[in-house]
Amino acid sequence: MGMVVHAPRRRLTRTALAERFSSRFGRPPAHVVRAPGRVNLIGDHTDYNDGFVLPIAIDRATWVAAAPRADRRLHLLSEQMSGEDIEVDPAVDGGGPRGHWSDYPRGVACVLRAASYPIGGADLLVASDVPVGGGLSSSAALEVATALALLACAGTRVEPATLARLCQQAEHDFAGTPCGIMDQLAVVAARAGHAMLLDCRSLAIRHVPLPETADVVVCDSGVRHALADGAYARCREDCAEAARMLGVTALRDVTAAHLDAELDRLPPPLWRRARHVVSENARVLELVEALARDDLERAGRVMTASHASLRDDFAVSGPEIDRLVVLAAAVPGVHGSRLTGGGFGGCTVSLAAPDAAVLLAERVGTASVFRCTPAAGAQVT
Ligand code: GLA
């Protein structure tokens with residue numbers, strides 16, 4: 001069951017964070033980190049199948065201000081979670097999900113320490129304007145922001161793919177979601193003004209310029225469904241099982257013809273999951289091509305086809321999201337829309353002409369609608 005949550009928009013800056021840190025902890029922060037959320041333009045449920053994805057980082061972010069402590073504890077203060085104040089000792093508190101937001105920073109500290117980075121204790125102030133649990137990678141942003149803050153306090157750096165992998169591991173082991181690599185790598189490595197084409201097998205990245213006439217518009221349905229509750233894990237298991245039955249390492253290695261030939265060998269739900277992955281990989285590359293040619297109508301059609309595939313074949317949409325996609329299709333200037341992220345609620349992403357966002361917001365009524373400017377990946381400011 002979903003619940004309705006609307007995150008308030010906050011203006012966050014380095015100076016504001018540093019001031020608030022000083023007044024809460026009685027000393028200035030040593031570092032302030034900004035890690036953006038992301039919205040995926042296309043390529044969902046392809047990353048853990050070694051496929052392609054095309055996210056952008058957005059101009060909403062999680063910020064962490066940090067200063068080292070003499071002991072090995074983390075003192076966490078979240079402005080977003082009702083000013084909650086909590087102290088954890090990763091060494092003593094150990095591993096495993098607890099269903100609390102501190103799982104992410106605790107997990108990151110544990111994973112970095114287990115990988116022998118010299119991570120000490122720290123005071124951390126967290127603030128964010130990424131809607132929590134809405135498919136915009138609020139968790140990856142928190143993981144990456146914490147990791148960069150702790151590494152900066154330790155005077156160490158880590159190259160982008162390794163940083164993303166470590167944060168992904170924290171999510172697996174401490175939040176209980178067996179996510180792919182898309183979110184963490186987008187948060188780390190995205191480029192302003194560009195979408196990021198990622199080959200999730202090789203981790204090769206190509207930054208794809210977004211046409212200036214293309215607005216990326218997010219509609220937040222307000223419906224939340226925790227990915228850790230098993231539905232996401234089930235998707236992953238089904239895909240792994242389909243790959244095993246098809247005799248390939250990952251669904252990335254299946255062609256449409258191969259899949260057609262195996263129609264009778266796979267149970268229909270698994271076959272349809274596989275068909276989504278195979279067709280979605282092709283759509284990611286088609287969208288890249290359409291954007292390169294400034295062909296926004298074709299780009300929109302590809303996105304809307306992706307939504308139909310997520311809804312009918314992969315079965316991760318829901319009535320609120322489908323409603324937003326249908327409403328958007330009727331708005332002049334909207335080229336195409338789709339569910340974005342893991343699904344079961346969350347947000348849609350639309351590609352639209354400038355100003356169509358205003359019309360879209362009028363039509364969808366209750367949902368919160370905002371334009372996203374493609375932002376740069378995480379930075380120690
Ligand atoms: C979540 C996961 C990602 C990816 C998407 C679906 O956001 O964290 O790794 O699998 O769902 O594309």
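Position 1 is the first residue of the sequence; numbering continues from there. Note that ligands are numbered from 1 as they come in the structure, with each ligand's atoms numbered from 1 the same way.
Remark: ligand 1 and Asp47 share an N or O pair separated by less than 3.5 Å (distance only, no angle test). Among the atoms of His45, some N or O lies under 3.5 angstrom from an N or O of ligand 1. When only interatomic distances are considered, the shortest N/O to N/O separation between Gly180 and ligand 1 falls below 3.5 Å.
Distances shorter than 4.0 angstrom occur between a heavy atom of Arg38 and an atom of ligand 1.
Because its NZ or CZ atom is both nearer than 6.0 Å to the ring centre of Phe370 and within 45° of the ring axis, Arg60 counts as a cation-pi partner of that residue.
Using modelled atom types and a 3.5 Å distance limit, the side chains of Asp322 and Ser317 yield a donor-acceptor pair. Defined by atom type and a distance below 3.5 Å, a donor-acceptor pair is present between the side-chain atoms of Thr381 and Arg14.
Taking 4.0 Å as the cut-off between side-chain N and carboxylate O, Asp123 and Arg24 do not count as a salt-bridged pair.
Below 4.0 Å from some heavy atom of Met182 lie the following atoms of ligand 1, by number and element: 4 (C), 5 (C), 12 (O). Close approach of ligand 1 to Asp44 is summarised as follows: ligand atoms under 4.0 Å from at least one heavy atom of the residue are 6 (C), 12 (O). Remark: ligand 1 atoms within the under-4.0 Å shell around heavy atoms of Tyr48 are 10 (O). Atom numbering of ligand 1 starts at 1 in the shown order; those under 4.0 Å from a heavy atom of Tyr232 are 1 (C), 2 (C), 3 (C), 4 (C), 9 (O), 10 (O), 11 (O). Close approach of ligand 1 to Cys179 is summarised as follows: ligand atoms under 4.0 Å from at least one heavy atom of the residue are 2 (C), 8 (O), 9 (O). Interface of Asp183 with ligand 1, defined as ligand atoms under 4.0 Å from a residue heavy atom, comprises 1 (C), 2 (C), 3 (C), 7 (O), 8 (O).
In the hydrophobic clustering, Val53 connects to Ile181, Met182, Leu185, Met196, Leu198, Leu203, Ile205, either directly or through intervening members, whenever side-chain heavy atoms lie under 4.5 Å apart.
Classification of the His45-Tyr232 ring pair by plane angle, with boundaries at 30° and 60°, yields tilted.
Annotation: ring-ring contact (aromatic ring centres under 6.0 Å, His included) contacts involving residues 261-313, sequence neighbours excluded, comprise His276-Phe314.
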